[in-house]
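So the structure is just underneath, and the comments pick up after that.
Keep in mind that this is a model prediction, so the values were computed, not measured.
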Amino acid sequence: MLFLGGMRGIMNDILNNELYEAFAQASEIVYIYVCDMKTDLSRWSENAVEYFNLPGEYIQNAGEMWMQYIHPDDRNIYLEDISGVFGGAKAQHNCKYRALNKYGNYVWVECRGSVIKGEDGAPAVFAGIMTRLDGQNKYDFLTGLMTIDEFYQRDFSVGSGAVMLMGIDDFRKVITSRGYEFGDNVLVVLAKLIMKECGDEMQVYRFGGDEFLIVKPNGTLEEMNGLFDRISGEADELRSPDGQRAHIEFSGGLSFYPSDGTTKEKLINRLENSLTYAKQYNRRHLEVFNQEIADHQKRAQLLNEDLKDSIRNGFRGFELYFQPLVQKEDQSIIGCESLLRWKGEHIKDSYPMEFIKVLEDHGDIQSVGQWVMEQAIEHQKKWQEKYPGFHVSFNVSYQQFMNEHFVDSLIAKARETGVEAGNMIVELTESNEVEEAESLARVFRRLREEGFTIALDDFGTAYASMQMLMNLPVNYIKIEHSFVKNLANPGHENDYIIIENLLSLCRMLGCGSVVEGVENELIESAVRKTEATYLQGYYYSRPVPEADFDKMLLKNRGI
């Protein structure tokens, strides 16, 4: 690099000095630079020299020098773009990347520049402007993409096009298993991937969290499907900057503009509902907003209103059904599982997977879970007086277990009613959602000290189940029904081997076991040959109301 005072004169000939100074001091987050393309001498604004700790205002071969400031993962992007400008392939420079500031931190910048040709038609001057994105609301500080605020500045009442909302499936699990830093790195790589696939004709926004918005003017369904497939295909093979495989999967929602009464809020609402629908019913696919999704949205709204009304009115419409747990030797009923059912004022046909999801989404699952717990204990109190040793189980989510108030109230309710805690089976559902295994283990130990029986529900559906079994102090595991549904069919001998080994593992760890999904006589005949402690399934009974279950108990006097 050369720092020669005489070169200032060259630069003054290139650009009027007073005009340069005016632009260079216009903003603290905007930096100006110009380059004599024949001599490769450039001048940088003083605020750039100060913020990035550059060697000086006048720099020879600045491109080589500046490369050392660019994040290693972004250098190829910068090189490809700037080489096209100085090689004559393109007239304008437009690139976003991370640059190292004087504090040792990388910040996102957006560089835009143009080439000015001389009288001989050859490139003579390159003038550029660099904007620091962390100082604006226009760009997301992590990914460098435009923010949702910028999306709301668009006018969707003119022109036409397509808008796609892409969301990562189960990104929370990625963060839980790999950490927040890994998750941030993945989002940065994904943003670059999406920008590359979208090119200059589309606008990409970070919608928030793990979701990205893409606007394509005049976009067609075929084009957006193709774009979704390309991004999804590359994301599936995605690697983080340190080379780790990320294995990212997307679901998406799509809507078009303009349409009747289209506003930005309505457009976002359609996209969110389409994405939610895709994640619930057609994961890893792009769902176009349509009447079915609109009807589904309307039903979800009515369902939420009905549920809240039920909760406000003393949990009216909620009811516990009961499914027996039986001894495999003689089919005698030794206990039951409590299962939540509900019928609303307007929605009368909602199934548990539907209304429980709405309860979770709208923050009402804790209050309903509290009601289920209290009802299960009340029923246990009644049945243990008639049938000593009778077990009643009920489901508790991971989030409920981590709520100290819930655990305290469970213990207090059992003491208040005088039930035998050992006959209350508390089942952990959704074991794959556990993030703090040690904290959960402490809760389990506390409950076991109080005498409660602990079970892991739907065991074996994920590696997380094995981790839970190794690390949590439990009394029972419940083998998920998918392992037994084909047990009696030819060609499924491996299912039987898997079940036998799972049950053997439980026995060696000192755990009892419950095999779920015993639906018919053939399956029942097969599982009776195993070492299962108890059995459960439609072969013995579907979940039934309290009155029907009482009749079942009276008939089954072998308890």
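- Relative ring orientation between His296 and Tyr281 is described as perpendicular, the plane-to-plane angle rising above 60° on a 0-90° scale split at 30° and 60°.
- Scored by the side chain to side chain donor-acceptor pair (under 3.5 Å) test, Glu319 finds no partners at all (sequence neighbours excluded).
- Expressed to the nearest 0.5 Å, how far CG of Leu320 lies from CG of Leu340 amounts to 6.5 Å.
- Checked against salt bridge (charged side-chain N to carboxylate O under 4.0 Å, His left out), Asp349 has the following partners two or more places apart in sequence or in another chain: Arg299.
- The pair Asp309-Arg316 meets the salt-bridge criterion, since a charged nitrogen lies less than 4.0 angstrom from a carboxylate oxygen.
- In this structure, Phe444 and Phe401 have perpendicular ring planes: the angle between them is above 60°, well past the 30° mark.
- Ion pairing between a basic and an acidic side chain is recognised when a charged N comes within 4.0 Å of a carboxylate O; Asp364 and Lys308 show such pairing.
- In this structure, Arg283 pairs ionically with Asp170, as a charged nitrogen and a carboxylate oxygen lie closer than 4.0 Å.
- Checked for salt-bridge contact, Asp236 and Arg284 miss the test: no charged N lies under 4.0 Å from a carboxylate O.
- A distance of 14.0 Å separates NZ of Lys298 from CG of Asn273, quoted to the nearest 0.5 Å.
- More than 12 heavy-atom neighbours from other residues, nucleotides or ligands sit within 6.0 angstrom of NZ on Lys348.
- The pair Lys381-Glu385 does not meet the salt-bridge criterion, since no charged nitrogen lies less than 4.0 angstrom from a carboxylate oxygen.
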- Are Lys382 and Asp550 close enough, and set up right, to give a salt bridge (Lys or Arg N to Asp or Glu O under 4.0 Å), and what steps lead you there? CA-CA 11 Å; Lys382 182 191 77 169; Asp550 277 331; 3.2 Å; yes

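- In this structure, the side chains of Leu410 and Val407 stay at 4.5 Å or more apart for every pair of heavy atoms.
- For the pair Ser338/Phe322, a side-chain contact is recorded, criterion being any heavy-atom separation below 4.5 Å from C-beta on.
- Counting heavy atoms from C-beta on, the side chains of Arg446 and Asp408 come closer than 4.5 Å.
- Note on Glu374 versus Lys413: no salt bridge recorded, every NZ/NE/NH1/NH2 to OD/OE distance being 4.0 Å or above.
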